[in-house]
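First the proteins, then the strands, lettered A, B, ... as listed; each starts at 1. Both backbone and side-chain heavy atoms feed into the values below; hydrogens, waters and symmetry mates do not.
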There are 2 protein chains.
Amino acid sequence: MKLILLSALKYLALQGGSKHSVHISSIKLAKHLGVSQQSASRYLIELVELGYIERRPAYGGQIISILKAGIETLRKEFAEYNLIFGTLKRIEMKGMLETGLGEGGYYISKKEYMKQFVEKLNWRPFEGTFNLRLNDEQIPKIEAMKSARGILIEGFEKRGRTFGKAWIFKCLLENGNQTVKDCAIISPKRTHYRRVVEVISPVFLREKLKAEDGDMFTIKVDLGDV
Amino acid sequence: MKLILLSALKYLALQGGSKHSVHISSIKLAKHLGVSQQSASRYLIELVELGYIERRPAYGGQIISILKAGIETLRKEFAEYNLIFGTLKRIEMKGMLETGLGEGGYYISKKEYMKQFVEKLNWRPFEGTFNLRLNDEQIPKIEAMKSARGILIEGFEKRGRTFGKAWIFKCLLENGNQTVKDCAIISPKRTHYRRVVEVISPVFLREKLKAEDGDMFTIKVDLGDV
DNA sequence: ATTACTAAGACGCGAGTAG
DNA sequence: TCTACTCGCGTCTTAGTAA
């Protein structure tokens, strides 16, 4: 879809077109978009062809309604801006199970961290992480998650060594027919995204889900009320 | 600003560019936007020239940060989608005072309506409306307000005549140095926008604000938590 | 007033390529 | 590899105009 068509559609929606039909002329639309009347007219024709709007002639213009497909297009755009500005409460990501030795495993092996997990999650993590590799299209979601307030796991010092802090995010894990409720993503650092998220849970997920490397899973992250 | 530049900027933001610098190559950007590497390279140059991003070369690409102006551009876009999808809690509109005989005046002259105003607003409206004419750019805001949950004023029947329902929206009225807290917009119908909003208040606003036709005022509408 | 067709023209795109 | 220049080509735009 051409970008200018999205702009035209957005203008129609701003005039109230997403709720009721609006009376608009191609000249008015043209003026708003900064193009000629002829172009605006063409855009409306193209939007009809795409099934995004419906219209009928009217005195001094035309009556336009935005159709379902048009609303969905706008909503998709809106969802992206919500990711950018961190206004989402729930994020869904798809990833592929892989065997990995992420930093997450390091956390659950230290009792100072483990104590905090039990306190803050109300369950004791199984000693092993369930690692999901996300593809590049999920990066915006990872970014949105990382910039949200997770649960802070404090760092500590021991024998002169510093152990850094981490954040955890409560989530659900799904693979079509099964759902595991008590899960959490553990994320060592605020910055630097990685394409792998590490999931912890009170149970041995690989066994419970009969999962193998390469299987796809959906994680639904609860970001609270930001 | 060209639309494709906004798309490029949005992509950078989705990669986390609104929070920290991101490592991106023109090829990666090109692939995402569905254009050639040359075009993507040109977009980045143009975004720098516009003061929207800042960048420095890096191995295998470049490190890009989105600047304040870039964030503001994205935020403006986001605000428009918020208007479309009715996710705003507060709407600010500017309008010019005019003498008018809107339908609002009709409402405050009927005791059946007046009774409801007193009950639902906790104050008794002055018998007269303060009419502000908004320009066309404010239409999206009026639309957003009308689709929000206002306070319902029930209609009634009397001597065989039907008196329709209306909605009121609590608001503030401002003109630079003065603010009136207890105000409300009265809107006779759900559909059909009008460019004039009618404000009611317990006091005689024209007198209190020493206002004359043509003066500009800002109304801040509280839409509750939708 | 409008909408929208045709034709000519502008402007942006990508191929080729250098650094 | 990467970025980014020049230039020929094509697409989308606008002017003119009919309905």
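The shortest side-chain heavy-atom distance between A:Leu74 and A:Leu6 falls under the 4.5 Å cut-off. Contact annotation: the side chain of A:Tyr11 approaches that of A:Lys28 to within less than 4.5 Å [non-hydrogen atoms, C-beta and beyond]. A 4.5 Å side-chain heavy-atom check between B:Thr87 and A:Phe78 finds at least one atom pair inside the cut-off.
Between A:Arg55 and C:dA4 there is a side-chain N or O to OP1 or OP2 distance below 4.0 Å.
Comment: A:Lys2 engages A:Glu46 in a salt bridge, judged by a side-chain N to carboxylate O separation of less than 4.0 angstrom.
Rounded to a whole Å, the NZ atom of A:Lys31 is 16 Å from the C1' atom of D:dT14. To the nearest angstrom, C1' of C:dT2 lies 13 Å from CD1 of A:Ile63. A straight line from CE of A:Met1 to C1' of D:dC12 spans 16 Å, rounded to a whole angstrom. Spacing between atom CD of B:Gln38 and atom C1' of C:dA15 amounts to 7 Å, rounded to whole angstrom units. At whole-Å resolution of the value, CG in A:Leu47 and C1' in C:dA4 are 15 Å apart. Remark: P of D:dT14 and CG of A:Leu29 are 12 Å apart, rounded to the nearest angstrom. Put simply, CD1 on B:Ile53 is 13 Å from C1' on D:dT3, counting in whole angstrom units. Separating the CD atom of B:Gln37 from the P atom of C:dG16 is a distance of 13 Å, rounded to the nearest angstrom.
Using a 4.0 Å heavy-atom criterion, one finds that A:Gln62 contacts the sugar-phosphate atoms exclusively. No contact: B:Leu44 has no heavy atom under 4.0 Å from any strand. Residue contacts shown for A:Ser25 are limited to sugar-phosphate atoms, with no base heavy atom under 4.0 Å away. Using a 4.0 Å heavy-atom distance criterion, B:Ile45 is classed as a sugar-phosphate-only contact.
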Could you walk me through whether B:Tyr113 and B:Phe156 satisfy the ring-ring contact (aromatic ring centres under 6.0 Å, His included) test, starting with their C-alpha distance in whole Å, then the side-chain angles of each, then the deciding distance to 0.1 Å, before giving a yes or no? CA-CA 9 Å; B:Tyr113 288 125; B:Phe156 59 93; 5.0 Å; yes

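The side-chain hydrogen bond (donor to acceptor under 3.5 Å, both in side chains) test applied to A:Asp213 returns A:Thr99, A:Arg206, not counting sequence neighbours.
When each of B:Gln15, B:Lys19, B:His20 is paired with A:Glu143, the side-chain hydrogen bond (donor to acceptor under 3.5 Å, both in side chains) condition holds for B:His20 and for no other.
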Do any N or O atoms of the protein come closer than 3.5 Å to N or O atoms of nucleotides 11-13 of chain C, and which pairs are they?
from   : atom 1 : to      : atom 2 : distance (Å)
C:dC13 : OP1    : B:Tyr43 : OH     : 3.1
C:dC13 : OP2    : B:Arg42 : NH2    : 2.1

